[in-house]
Student: 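Before we start, here is the structure in question, set down as structure tokens.
Side chains included, hydrogens not; waters and symmetry mates left out as well; all remaining heavy atoms used.
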Amino acid sequence: MEQVRVRFAPSPTGYLHIGGARTALYNWLFVRQNNGRLVLRIEDTDSERLKEDSVEQILGSLKWLGIDWDEGPTFQSQRQDLYAAAAETLIQSGKAYYCFCTEEELEMEREKQRQEGITVGYSGKCRNLPADEVRKRLQQGLKPVMRLMLPDSGQIIVKDIIRGTVSFKFDQFDDLIIMKSNGLPAYNFACVVDDHAMQISHVIRAEEHLSNTPKQQFIYEALGYEVPKFAHLSMILAPDRSKLSKRHGATSISEFQDLGCLPEAIINYLTLLGWSPPEEQSEIMSPEQTICSFSLEKVSKTAAVYDIQKLIWLNGQYITKYDLEKLTSCAIPFLIREGIISSLEAEQNHYYILPVINLVRERVRTLQELGEACRYFFRDITDYEEKGKEKYFRQKDAETLLSKGKECLAKVENFSVENTELAYRDLMEELKIKGGLIIHPTRLALTGRTSSPGLFDVMALLGKEKCLERLEKAIKFIKAEQDML
RNA sequence: GGCCCCAUGGUCAAGAGGCCUAAGACGCCGCCCUCUCACGGCGGAAACAGGGGUCCGAAUCCCCUUGGGGCUACCA
């Protein structure tokens with residue numbers, strides 16, 4: 001069996017967005033499953049649309065996602081000879097010709113056609129220029145484009161792994177530009193020449209290229225190349241079912257990274273956007289599991305609207321189950337960014353950070369949330385949650401309760417989860433009160449918040465000194481508030 | 001406009017003519033667990049775009065309409 005070779009071919013016009021990432025991912029899943037090779041190709045033949053840093057951004061996002069490639073990146077801008085040579089053979093064999101029409105002329109032609117209400121397209125007027133006329137104009141220094149002559153009638157059949165057989169009629173196609181007047185290849189041509197040169201066996205790409213495929217297939221045939229297999233993936237749409245763009249919020253991989261998503265969660269989410277695992281298999285899958293069960297044939301034909309809620313949910317699942325050391329190193333940049341710890345503290349307090357993260361991980365869904373959830377473990381409390389103050393600090397016994405709590409904790413020797421809880425339970429019994437009555441104000445005193453991990457877990461991790469200190473602070477705070485009345 | 005693709009709950013989707021009074025997941029609602037918040041468990045609301053065929057039988061096949069998307073560039 002011939003080797004499976006696929007490619008991901010982004011054009012460097014911006015960040016890697018969610019659609020491109022999914023295309024890359026499906027190529028990757030397919031190729032890893034088939035022990036093939038993935039090649040990366042940068043389609044940069046339109047210098048006007050290039051964006052600085054774009055290649056670095058795209059490659060960076062792919063790497064971060066864990067999508068690795070075997071060859072490249074190769075740049076189309078550096079392979080001009082290849083395209084020129086291929087185009088030359090088509091000119092020689094009479095399958096392609098020079099066209100001297102300027103863009104202005106063509107635009108006028110189209111405008112006229114529109115006014116007359118007839119089908120807009122290239123007339124083909126340079127098709128039969130006499131050889132010496134062509135030579136003459138070339139010598140004058142005119143810069144023509146090269147066009148491929150397409151049949152005026154008949155049809156062409158494209159076979160697609162996902163969509164089945166699709167047929168197109170030739171009468172709807174203009175003679176296709178294969179080389180632009182600046183000497184660079186046009187997309188459809190460069191794409192074919194490269195896919196052949198790179199021995200691509202399966203072209204897996206976005207649906208927007210389906211309509212280009214008949215033209216490309218004709219180029220393959222004109223050049224005498226073997227046609228690869230095609231699989232066109234449906235598009236990913238914004239929540240309003242329109243094409244994805246910047247105005248739709250987070251759409252680039254780097255934005256999800258900034259939000260605090262884990263790469264595996266994004267991979268998992270993207271996998272599910274257009275494909276679903278066999279029944280009985282969980283939707284939460286490691287990349288390895290996905291590689292095993294993935295199949296191109298089962299990829300959905302329907303355009304998908306991405307739903308950030310599910311991504312965030314999945315991310316929460318991953319945060320809960322991730323290897324703790326790994327999660328911690330992912331989280332630390334967020335803690336630093338949010339000003340919760342300094343990089344120095346991050347190094348020095350490693351063995352404090354670990355259990356803190358372990359404690360809060362189950363109740364957060366992004367690394368950003370995780371940072372926020374940790375704050376009081378590293379920084380003193382500057383304020384109490386308003387609704388907590390109202391509910392717990394302004395009740396009649398609050399101050400007494402906290403004092404009692406403080407006294408009782410002061411006596412605890414080994415400040416463990418069990419011992420602190422035992423001490424508090426004894427206190428509750430002694431005061432004949434229900435747990436919540438003292439637990440809630442204590443939580444507010446210790447964390448500044450009305451919600452947190454289990455109170456005694458928090459106590460044990462915070463340590464005796466901090467607990468007593470914060471209780472004292474809360475007591476003072478309550479007194480101060482009362483004095484103001 | 002022409003050509004092409006697509007159409008199952010709010011979202012992702014299972015479904016390959018009878019197993020469908022249509023699975024699962026996210027989200028939403030309720031209950032349980034519980035020191036709060038999460039997690040978890042249980043339950044609920046919620047869909048085959050519309051119309052014609054074909055067939056004993058259609059979410060599934062065909063046609064039309066409608067809707068969405070793509071291509072129609074010297075963009076990729």
Student: Do A:His202 side-chain atoms and A:Ile204 backbone N/O form a donor-acceptor pair below 3.5 Å?
Tutor: no
Student: Using a cut-off of less than 4.0 Å, is there contact between a side-chain N or O of A:Lys180 and OP1 or OP2 of B:A76?
Tutor: yes
Student: Using atom P in both nucleotides, what's the gap between B:C29 and B:A45 to the nearest angstrom?
Tutor: 16 Å
Student: Under the side chain to side chain contact (heavy atoms under 4.5 Å, CB included) rule, collect the residues that match up with A:Cys101, sequence neighbours excluded.
Tutor: A:Cys99, A:Glu105, A:Leu106, A:Tyr122, A:Lys125, A:Cys126
Student: Is any side-chain N of the basic residue among A:Lys51 and A:Asp44 closer than 4.0 Å to the acidic one's carboxylate O?
Tutor: no
Student: With heavy-atom distances below 4.5 Å as the criterion, would you say the side chains of A:Ser11 and A:Asp46 are in contact?
Tutor: no
Student: Only pairs at least two apart or in different chains count here, so list each salt bridge (charged side-chain N to carboxylate O under 4.0 Å, His left out) that has a residue in residues 7-25 of chain A.
Tutor: A:Arg7-A:Asp195
Student: If we call it a pair only when both distances are under 3.5 Å in a Watson-Crick or G-U wobble match, what pairs with B:G40?
Tutor: B:C32
Student: Checking base pairs now: Watson-Crick or wobble, both atom distances under 3.5 Å. What partners B:C20?
Tutor: none
Student: Expressed as a whole number of Å, how far does the P atom of B:A23 sit from that of B:A49?
Tutor: 16 Å
Student: Look at all strands and tell whether A:Val305 reaches a base, only sugar-phosphate, or nothing, counting heavy atoms closer than 4.0 Å.
Tutor: sugar-phosphate
Student: Using the rule given for side-chain contact (heavy atoms from CB on, under 4.5 Å), can you reason through A:Thr366 versus A:Glu369, listing the C-alpha separation, both sets of side-chain angles and the distance that settles it, and then say yes or no?
Tutor: CA-CA 5 Å; A:Thr366 66; A:Glu369 284 178 20; 3.4 Å; yes
Student: The side chain of A:Ser276 lies closest to which of these nucleotides: B:C74, B:A14, B:C35?
Tutor: B:A14
Student: Which nucleotide, in any strand shown, forms a Watson-Crick or G-U wobble pair with B:C71, with both distances under 3.5 Å?
Tutor: B:G2
Student: Could you walk me through whether A:Ile253 and A:Tyr15 pass the side-chain contact (heavy atoms from CB on, under 4.5 Å) check?
Tutor: CA-CA 8 Å; A:Ile253 297 303; A:Tyr15 302 109; over 6 Å; no
Student: With rounding to whole Å, what would you report as the distance between B:G27 and B:C19 at their C1' atoms?
Tutor: 30 Å
Student: Going by number, which of residues 165-179 of chain A have a non-hydrogen atom under 4.0 Å from RNA chain B?
Tutor: A:Val166, A:Ser167, A:Phe168, A:Gln172, A:Asp174, A:Ile177
Student: Look at all strands and tell whether A:Asn212 reaches a base, only sugar-phosphate, or nothing, counting heavy atoms closer than 4.0 Å.
Tutor: base
Student: If you measure from the P atom in B:U8 to the same atom in B:G50, how many Å do you get, rounded?
Tutor: 11 Å
Student: So what does A:His209 touch, heavy atoms closer than 4.0 Å: a base, only the sugar-phosphate, or nothing?
Tutor: base
Student: Counting heavy atoms from C-beta on, name the nucleotide in B:C75, B:G27, B:A14 closest to the side chain of A:Asp46.
Tutor: B:C75
Student: Of A:Arg22 and A:Glu283, whose nearest nucleotide on RNA chain B comes first from the 5' end?
Tutor: A:Arg22
Student: So which of residues 261-274 of chain A are in contact with RNA chain B, with a heavy-atom cut-off of under 4.0 Å?
Tutor: A:Leu272, A:Leu273, A:Gly274
Student: Would you classify A:Ser211 as touching base, sugar-phosphate or nothing, given that sugar-phosphate means primed atoms plus P, OP1 and OP2, and contacts are heavy atoms under 4.0 Å?
Tutor: base
Student: Would you indicate what A:Ser181 reaches in the nucleic acid, counting non-hydrogen atoms under 4.0 angstrom: base, sugar-phosphate, or nothing?
Tutor: base
Student: Pairs under 3.5 angstrom only: tabulate donor-acceptor contacts from the side chains of residues 428-441 of chain A to other protein residues two or more places apart or in another chain.
Tutor:
none

Student: Look at the side chain of A:Ala304 and decide which nucleotide, out of B:C74, B:A76, B:A13, has an atom nearest to it.
Tutor: B:A13
Student: I'd like to know if A:Arg425 pairs up with A:Glu418 as an ion pair, taking the criterion as any Lys NZ or Arg NE/NH1/NH2 lying under 4.0 Å from an Asp or Glu carboxylate oxygen.
Tutor: no
Student: Does A:Thr13 reach a base, just sugar-phosphate, or nothing at all? Heavy atoms under 4.0 Å.
Tutor: nothing
Student: Indicate, with a heavy-atom threshold strictly under 4.0 Å, whether A:Lys434 touches base, sugar-phosphate, or nothing.
Tutor: nothing
Student: For A:Thr102, report the nucleic acid contact type (base, sugar-phosphate, nothing); a contact means any heavy atom under 4.0 Å.
Tutor: base
Student: Look only at the side chain of A:Gln172 and the backbone of A:Lys169, and say whether a donor-acceptor pair between them is shorter than 3.5 Å.
Tutor: yes
Student: Name the orientation class of the two ring planes belonging to A:Phe100 and A:Tyr98 (parallel below 30°, tilted from 30 to 60°, perpendicular beyond 60°).
Tutor: tilted
Student: Between A:Cys261 and A:Tyr269, is there a side-chain heavy-atom distance shorter than 4.5 Å?
Tutor: no
Student: Look for any protein N or O under 3.5 Å of an N or O in nucleotides 36-40 of chain B and output each such pair with its distance, or none.
Tutor:
residue, atom, partner, partner atom, Å
B:U36, O2', A:Thr450, O, 3.0
B:U36, O2, A:Ser452, N, 2.7
B:U36, O2, A:Ser452, O, 3.0
B:U36, N3, A:Arg443, NH2, 3.2
B:U36, N3, A:Ser452, O, 2.6
B:U36, O4, A:Gly454, N, 3.4
B:C37, O2, A:Arg363, NH1, 2.8
B:C37, N3, A:Arg363, NH1, 2.5
B:A38, O2', A:Glu362, O, 2.9
B:A38, N3, A:Glu362, OE2, 3.4

Student: Is there a donor-acceptor pair closer than 3.5 Å between any side-chain N or O of A:Arg361 and the backbone N or O of A:Ile319?
Tutor: yes
Student: Sort out the partner of B:U11 for me: Watson-Crick or G-U wobble, both distances under 3.5 Å, none otherwise.
Tutor: B:A25
Student: Within the 4.0 Å heavy-atom criterion, would you say A:Lys143 contacts the bases, only the backbone, or no part of the nucleic acid?
Tutor: nothing
Student: Mind checking who B:C61 pairs with, Watson-Crick or G-U wobble, both distances under 3.5 Å?
Tutor: B:G53
Student: With P as the reference atom in both, quote the distance from B:U72 to B:U11 in angstrom, rounded to an integer.
Tutor: 29 Å
